[in-house]
2 protein chains.
Amino acid sequence: MQISSRFTLAIHIFACINTFEDEYKVTSDFLAESTNVNPVIIRKILGQLKGAGLINVARGTGGASVAKPLNQITFLDVYRAVDCVENGNLFHFHENPSTNCPVGRNIHHILDDKLVRVQAAMENELASITLEDLKRDTEKYLLQEKEAAQGK
Amino acid sequence: MQISSRFTLAIHIFACINTFEDEYKVTSDFLAESTNVNPVIIRKILGQLKGAGLINVARGTGGASVAKPLNQITFLDVYRAVDCVENGNLFHFHENPSTNCPVGRNIHHILDDKLVRVQAAMENELASITLEDLKRDTEKYLLQEKEAAQGK
DNA sequence: CTGGTTGTAACAAAGAAGATTACAACAAAT
DNA sequence: ATTTGTTGTAATCTTCTTTGTTACAACCAG
């Protein structure tokens, strides 16, 4: 199985906030339209991002905004906030290896540190990308699109 | 969601082959007992490992053995063989982002290269671990267990 | 107080993983 | 040639997870 789409959705949400917050109020309905995902799902994700202190959202008034400087939020922060993998473990283990078998009862001893290394490599890379990078690249591609439309 | 337990199962299978092949015939029933997973599931995984040229298994005769030198099989080979993530993509994308929204229709341009980097970091780490490492550590932990039992 | 919004509960729908049963294909031993 | 033990695979079931959907209370601003 893959990592939940909540992660790419959350990034999409930040890209929208960065791009549109001066122009529109970025509500769950607005985001639902852009992502083509149900507004309740969006609100759940917004709630998780808010819980992690990454964005501000409020009842009544509505509209999401980023809560910290963009270069201080990494993809890893977002990944952790939306709780993509169970218990934070990337790898799923078969549940009850036999305690009668020497390999079965030691498989975690044998394997866990290796899986931790793999997961750490992935998370380090996530930590190296910030929302500032995201904003810069979003602007780049939107500008390219605009220029292409003008036939340059 | 997490990465399918087929991966940890496949590693468990190799640990069993390494440990027991001189003593027992390592059949799908044997492995089902050690992993506590249904033999049909084991046979499916054995089939994938065989398809990737990592092990030998045959009808009738039965019993799995490793097809290549242990230091020439990496965790990445195993990971790829058992097809853990759809289309080889670690991240799941929301399916139909709006083409009306500038962000929606560019989200893949913006994001794909970053996700590729993250995935590559993880796969490089997987590639750095071999079945030889697995065998060495398996022997280490089984020996530790034996010594502990003798009260050393 | 009205309108628009979030937060959340409850349930439905869809999809995927793994379990299970059943059986044909096959090889080796006798 | 038959028996035995095994793999390969189809078909179906159960369970779990994700996502969608409906509904509505809580809330804020004008």
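Lettering of chains follows the sequences in order, A, B, ..., and the numbering in each one begins at 1. If you're wondering where the values come from, they're calculated on a predicted model, not measured in any experiment. The analysis underlying the following values was restricted to heavy atoms, covering all of them including side chains, and did not include hydrogens, waters or symmetry mates.
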Q) For residues A:Ser28 and A:Arg43, is any side-chain donor paired with an opposing acceptor at under 3.5 Å? A) yes
Q.
Distance alone, cut at 3.5 Å: any donor-acceptor contact between the side chains of B:Glu145 and A:Asn106?
A. yes
Q. Which of parallel (below 30°), tilted (30 to 60°) and perpendicular (above 60°) describes A:Phe75 and A:Phe7?
A.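 The arrangement is perpendicular - the two ring planes meet at more than 60°.
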Round to a whole Å and report the spacing from [atom1] of [X] to [atom2] of [N].
| X | N | atom1 | atom2 | answer |
| --- | --- | --- | --- | --- |
| B:Asn36 | C:dA17 | CG | P | 20 Å |
| A:Asn56 | C:dT5 | CG | C1' | 16 Å |
| B:Glu95 | C:dG15 | CD | P | 10 Å |
| B:Leu46 | D:dT9 | CG | P | 12 Å |
| B:Leu31 | D:dT7 | CG | C1' | 13 Å |
| A:Asp29 | D:dT22 | CG | C1' | 14 Å |
| B:Ile3 | C:dA17 | CD1 | C1' | 15 Å |
| B:Ile42 | D:dT9 | CD1 | C1' | 16 Å |

Check the interface with nucleotides 15-19 of chain D: list each N/O to N/O pair with the protein under 3.5 Å, or write none.
from, atom 1, to, atom 2, distance (Å)
D:dT19, OP1, A:Ser5, OG, 2.6

Q: Measure centre to centre between the rings of A:Phe93 and A:His108, then say whether the value is under 6.0 Å.
A: yes
Q) Where along nucleotides 23-30 of chain D does protein come under 4.0 Å, by heavy atom, of base (B) or sugar-phosphate alone (S), with - for untouched nucleotides? A) B--BBS--
For residues 120-133 of chain A, tabulate all N or O donor-acceptor pairs below 3.5 Å that involve a side-chain atom, not counting sequence neighbours.
from, atom 1, to, atom 2, distance (Å)
A:Glu123, OE1, A:Arg80, NH2, 2.8
A:Glu123, OE2, A:Gln119, NE2, 3.1
A:Asn124, ND2, A:Ala120, O, 3.3
A:Glu125, OE2, B:Arg117, NE, 3.3
A:Ser128, OG, A:Glu125, O, 2.7
A:Thr130, OG1, A:Glu132, N, 3.1
A:Thr130, OG1, A:Asp133, N, 3.3
A:Thr130, OG1, A:Asp133, OD2, 3.4
A:Asp133, OD1, A:Arg136, NH2, 2.7
A:Asp133, OD2, A:Thr130, N, 2.9

Q: Please list residues of residues 8-24 of chain A whose heavy atoms come under 4.0 Å from any atom in DNA chain C, ordered by number; otherwise none.
A: none
May I have the list of side-chain donor-acceptor pairs in residues 10-17 of chain B shorter than 3.5 Å, sequence neighbours left out?
from, atom 1, to, atom 2, distance (Å)
B:His12, ND1, A:His94, NE2, 2.9
B:His12, NE2, B:Ser34, OG, 2.8

Q | Passing candidate, side chain to side chain contact (heavy atoms under 4.5 Å, CB included) with B:Thr35, options B:Thr8, B:Ile42, B:Ile41 | A | B:Ile42
**Q.** Side chain to side chain, B:Leu115 and B:Leu90, heavy atoms closer than 4.5 Å
**A.** no
Q) Is there a side-chain contact between A:Asn89 and B:Gln2 (heavy atoms, below 4.5 Å)? A)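 Yes; the side chains approach each other to less than 4.5 Å.
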Q: Return the set of residues passing side-chain contact (heavy atoms from CB on, under 4.5 Å) with B:Asp83 (not counting sequence neighbours), or none when no residue passes.
A: B:Gln48
(Q) Under 4.0 Å between a side-chain nitrogen and a carboxylate oxygen: does that hold for B:Lys68 and B:Asp77? (A) no
